[in-house]
Amino acid sequence: LAKTTQPISMDSYEGQEVNITCSHNNIATNDYITWYQQFPSQGPRFIIQGYKTKVTNEVASLFIPADRKSSTLSLPRVSLSDTAVYYCLLLDTGRRALTFGSGTRLQVQP
Amino acid sequence: NAGVTQTPKFRILKIGQSMTLQCTQDMNHNYMYWYRQDPGMGLKLIYYSVGAGITDKGEVPNGYNVSRSTTEDFPLRLELAAPSQTSVYFCASGSVPGAGGTGELFFGEGSRLTVL
């Protein structure tokens, strides 16, 4: 299974844009890149998904370069409630398995 | 909307006991997953299923068993509980892109298991 690598933690302040980068050098042709958010004592929640170029929804943007070996989750104007763990994972459409890495712990301060 | 329902939410087991964690989804998803999450760590895939009658091992299957007799239910069985199985267990269901779905996983609220 293709693995992902993310920074262990990041700090930010309210109102700033936060960019979290994920490396996935061995991404397969059929893999989709997916990001989840997890608050303490809750299950992860889907944020955004993409295959290539840029995807944007109401909460985040996902930037994927042409070689797809990395991706960047962008959170515009974060607030205290964005403090959470963010996971990048690859949706292996061939085998249907979904494995989570260690995630990035984002701490937003006032 | 019920979504993914897990029971029980909390359970304390003695070493060597067995139990089943129940998971039910009402979204007609073909794909279902069981994860465990130890304190401060990421989620580890235990077992997954791509449809009724089909299951496959994930990263940490030892000590667990699953079955998938219906689309809705995906129970996780712990045989001979050990302290190392103390964890929070999450069940999830979803679809995959290209199969008429979005690929989004929906998670249950989790089952906190302690083995003493």
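In the text below, chain A, chain B and the rest are named by the order of the sequence lines, each starting its count at 1. Nothing here was measured: the structure is a model prediction, and the numbers come from that model.
In this structure, chain B has a heavy atom under 4.5 Å from the side chain of A:Arg105, while its backbone stays farther away. For A:Leu89, no part lies under 4.5 angstrom from a heavy atom of chain B. Interface remark: A:Tyr51 contributes no atoms to any contact with chain B (heavy atom separation under 4.5 Å).
Considering only heavy atoms from C-beta on, B:Tyr48 stays 4.5 Å or farther from B:Tyr31 through its side chain. Side-chain contact between A:Trp35 and A:Cys22 is present, with at least one heavy-atom pair separated by less than 4.5 Å.
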Check against salt bridge (charged side-chain N to carboxylate O under 4.0 Å, His left out), A:Arg77 and A:Glu17: CA-CA 5 Å; A:Arg77 299 180 298 280; A:Glu17 178 184 72; over 6 Å; no
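Under the 3.5 Å distance criterion, the side-chain polar atoms of B:Asn65 are left unmatched by any main-chain donor or acceptor of B:Glu79.
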